[in-house]
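Input: a single structure, listed below in structure tokens.
Keep in mind that what you see is a predicted model, and the values were worked out from it rather than measured.
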Amino acid sequence: MTSPIDPTTTAAWAELDALRTAFTPDLRGWFDGDPGRVGRFSLPLADLHVDLSKNLVTDEVLAALVRLAEQTGVADHFAAMLAGRHINTTEDRAVLHTALRRPAGATPPLEVDGQEVDDAVQSVLELVEAFAERVRSGDWVGVTGQRVTHVVNIGIGGSDLGPVMVYEALKPYADAGIEARFVSNIDPTDLAQKVSGLNAETTLFIVASKTFTTLETLTNARLARDWLWEKLGAAGAIGTSEEDRSNAVAHHFIAVSTALDKVAAFGIDPANAFGFWDWVGGRYSVDSAIGTSLAIALGPQVFRELLAGFHAVDEHVRTTPLAQNVPVLMGLLNVWYVNFLGSQTHAVLPYAQQLHRFPAYLQQLTMESNGKSVRWDGSPVSTDTGEVFWGEPGTNGQHAFYQLIHQGTRLIPADFIAVVNPAYPLRDGEQDVHALFLANFLAQTKALAFGKTAEEVEAEGTTGALVAARTFAGNRPTTSIFAPALTPSVLGQLIALYEHITFTQGVVWGINSFDQWGVELGKKLALEIAPAIEGDDAALAAQDASTQALIAYYREHRA
């Protein structure tokens, strides 16, 4: 990899800095004086309609941002990623999550590090689909011959957040009578609650860990195995022999892992382990074998449609000029807000209850990717990087935190996501409830953009100190994303949209968006502290005074 280009040394950065100095947001004035603004700032992205017109940008600012992308090499870096170059510099790896959704027979074929990538991806996908069909059809049965009714995915981070989010979003497509549950937290409460009420004889566990060494995942997997043995034994389904226990695990556990020796040592048949590759980062892996739980619960066809949605956005980014390239433009807008207008957080507000886990998914995608203070060559960054992503579905958020977005002192760009046709169309008498719901979506973006002046408040009869309290400054930036419906393809498009937004920002800032060394130190220290909690005085003595005091409190109060 070449050295990153310092964005602050580019002509475009200087231009943007000059524009910022004289910048006065005026969405009311811009809309009143420019009837073509909405048309110019509204763009198609596969099935998505993306309206950027309520953002705090002029044509001049947007053009300068596009020049910044050109001068920092966004398009070239994207091409390098697609070609399999090792753009993950700290781990010396290619970054090829886009290869996971290339359709079968895509040309030209992709070869990376001597491996035929397309063949490898399709081979694993076909194995996952074949297994999913066996479970869905009832051909795969538990140790007592009963078909599977529940799938429990055990993973953490990218092995959990993606599958959970997709399952919740596409649950209306679950048509095989199989419910998926997801265990991630090492807090034993998580596993206990997720297996509560399940019949061990009809439960299938998926242990998702590439290396089969992840502390939380393997701990929960062992606890799940103990639960299985206990419940099957209590039901008289198995005895206590090693053979009986091994047979139970073989019928009720599969793995998503490439560490076949460790999978086998756990008791899972390696033939029932589905792998993926070191060029797939965890937070980019939901479209790999990590989605096995989805292929089972939702069906292989739904999973294929999800992949097609991802690929449609990949192709948009690859083939569309930067000035019309939706993910690139949205990434550049985030750079404008972070580096020039001083924003620190970014809200994602889906007006679709099925997307209630989407903001949590984006937290890992964006903050694990771009929460960096060094560039990909190890040198310090020259700008602020990353944003705190957060959000909840509307209209719930309106009754919680929208007050701060509307009238607080913070600049909080917000993305509003909505669908035209709901999964569950209902009426309250004569009222179409979804239409009422979307009226809130439209009203919020309008209120944030245009606000309410003191004169408008006074014209309604308000006087005195209440006038200021009821005045809305407006000029709060939003992006509106509309889709016809939340189909599998649309969901794939939404995920890929934010993947490439994140990628664009990372390239501009010159950082490696595909490693996550920041998560390693805490995990290492936890292994050192654990013995101290359990009573090892030497390990306790090695801790700092605060940690020692907290452990002492724990020891004193642990029942």
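Ring geometry for Phe441 versus Tyr351: interplanar angle of 30 to 60°, hence tilted. Using cut-offs of 30° and 60° for the angle between ring planes, the Tyr498 and Phe358 rings count as perpendicular. The aromatic rings of Trp279 and Trp277 lie parallel to each other, with less than 30° between the two planes, well short of the 60° mark. Between Trp390 and Phe401, the ring-plane angle classifies as perpendicular under the 30° and 60° cut-offs. Aromatic ring orientation, Phe514 versus Phe503: tilted (interplanar angle from 30° to 60°).
Comment: Glu528 engages Lys524 in a salt bridge, judged by a side-chain N to carboxylate O separation of less than 4.0 angstrom. In this structure, Glu499 pairs ionically with Arg101, as a charged nitrogen and a carboxylate oxygen lie closer than 4.0 Å. Ion pair Lys452/Glu460 flagged as a salt bridge, since at least one NZ, NE, NH1 or NH2 atom sits closer than 4.0 Å to an Asp/Glu carboxylate oxygen. Glu70 and Arg67 are not joined by a salt bridge, as no carboxylate oxygen comes within less than 4.0 angstrom of a charged side-chain nitrogen. We find that Lys372 and Asp515 are joined by a salt bridge, their nearest charged nitrogen and carboxylate oxygen being less than 4.0 Å apart. Electrostatic pairing of Asp34 and Arg40 counts as a salt bridge here, judged by a charged N lying under 4.0 Å from a carboxylate O. Using a 4.0 Å cut-off between charged side-chain N and carboxylate O, Arg357 and Glu168 make no salt bridge.
Under a cut-off of 6.0 angstrom, the local environment of CD in Glu458 is crowded, with over 12 non-hydrogen atoms contributed by other residues, nucleotides or ligands. Open room surrounds CD on Gln344; 12 or fewer heavy atoms of other groups in view lie less than 6.0 Å from it. Around the CZ atom of Arg470, the shell of radius 6.0 Å holds no more than 12 heavy atoms that belong to other residues, nucleotides or ligands.
For His86 (side chain) and Asp92 (main-chain N/O), a donor-acceptor pair under 3.5 Å exists by modelled atom type. Side chain of Ser379 to backbone of Arg375: no donor-acceptor contact under 3.5 angstrom is found. Glu392 places no side-chain N or O within 3.5 Å of a backbone atom of Pro350 that could act as its donor or acceptor partner.
Ile156 CD1 to Asn185 CG: the interatomic distance, rounded to the nearest 0.5 Å, is 6.5 Å. Annotation: the span from Leu19 atom CG to Leu65 atom CG amounts to 9.0 Å, rounded to 0.5 Å. Distance check: Asn325 CG to Leu43 CG gives 9.5 Å after rounding to the nearest 0.5 Å. Note that the NZ atom of Lys171 and the CD atom of Gln353 stand 10.0 Å from one another [nearest 0.5 Å]. In this structure, CG in Leu494 is found 5.0 Å from CG in Leu48, a value given to the nearest 0.5 Å. Taking CG from Leu170 and CG from Leu486, the interatomic distance works out to 6.0 Å, rounded to the nearest 0.5 Å.
Side-chain atoms of Gln115 and Glu111 include no donor-acceptor pair closer than 3.5 Å. Side-chain contact check for Gln505 and Asn370: no donor-acceptor pair (N or O, by modelled atom type) lies under 3.5 Å. Under the 3.5 Å distance criterion, with hydrogens and angles disregarded, no donor-acceptor pair is assigned to the side chains of Trp30 and Thr58. A donor-acceptor contact closer than 3.5 angstrom is absent between the side chains of Asp384 and Trp509. Arg410 and Thr345 share no donor-acceptor pair across their side chains, judged by distance under 3.5 Å alone. Side-chain contact check for Asn440 and Thr395: no donor-acceptor pair (N or O, by modelled atom type) lies under 3.5 Å. For the residue pair Thr214/Ser209, the side-chain donor-acceptor check at 3.5 Å is satisfied. Side-chain N/O atoms of Thr547 and Asp544 include a donor and acceptor closer than 3.5 Å. A donor and an acceptor atom, one from each side chain of His346 and Asp415, are located under 3.5 Å apart.
Residues satisfying the side chain to side chain donor-acceptor pair (under 3.5 Å) test with Asp190, not counting sequence neighbours, are Lys194. Remark: Ala447 pairs with His406 by the side chain to side chain contact (heavy atoms under 4.5 Å, CB included) rule, at least two apart or across chains. Partners of Asn421 according to the side chain to side chain donor-acceptor pair (under 3.5 Å) rule, which considers only residues two or more places apart in sequence or in another chain, do not exist here. Arg318 pairs by the side chain to side chain donor-acceptor pair (under 3.5 Å) definition with Glu315, not counting sequence neighbours.
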- Message: I'd like to know whether Val326 forms a side-chain contact (heavy atoms from CB on, under 4.5 Å) with Leu329, so could you lay out the CA-CA distance, the side-chain angles of the two residues, the decisive distance to 0.1 Å, and finally the verdict.
- Response: CA-CA 5 Å; Val326 175; Leu329 291 175; 5.7 Å; no
- Message: Would Trp336 and Leu341 count as a side-chain contact (heavy atoms from CB on, under 4.5 Å) here? Give the steps.
- Response: CA-CA 7 Å; Trp336 170 245; Leu341 300 189; 3.4 Å; yes
- Query: What's the verdict on side chain to side chain donor-acceptor pair (under 3.5 Å) for Trp517 and Thr90, showing C-alpha distance, side-chain angles and the deciding distance?
  - Reply: CA-CA 9 Å; Trp517 296 106; Thr90 63; 3.0 Å; yes
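Ring centers of Phe450 and Phe472: at least 6.0 Å apart, outside the cut-off. When ring centroids are compared, Tyr424 and His434 stay outside the 6.0 Å threshold.
Screening residues 474-488 for side-chain hydrogen bond (donor to acceptor under 3.5 Å, both in side chains) gives Asn55-Thr479 as the qualifying pairs, with residues at least two apart or on separate chains. Pairs passing the ring pair (Phe, Tyr, Trp, His ring centres under 6.0 Å) check and including a residue from residues 32-72, sequence neighbours excluded, do not occur.
Each of Asp377, Val381, Asn512, Val508 was checked for a side chain to side chain contact (heavy atoms under 4.5 Å, CB included) with Pro4, and the lone residue meeting it is Asp377. Considering His500, His97, Gln493 as possible partners of Asp314, the one that fulfils the side chain to side chain donor-acceptor pair (under 3.5 Å) test is His500.
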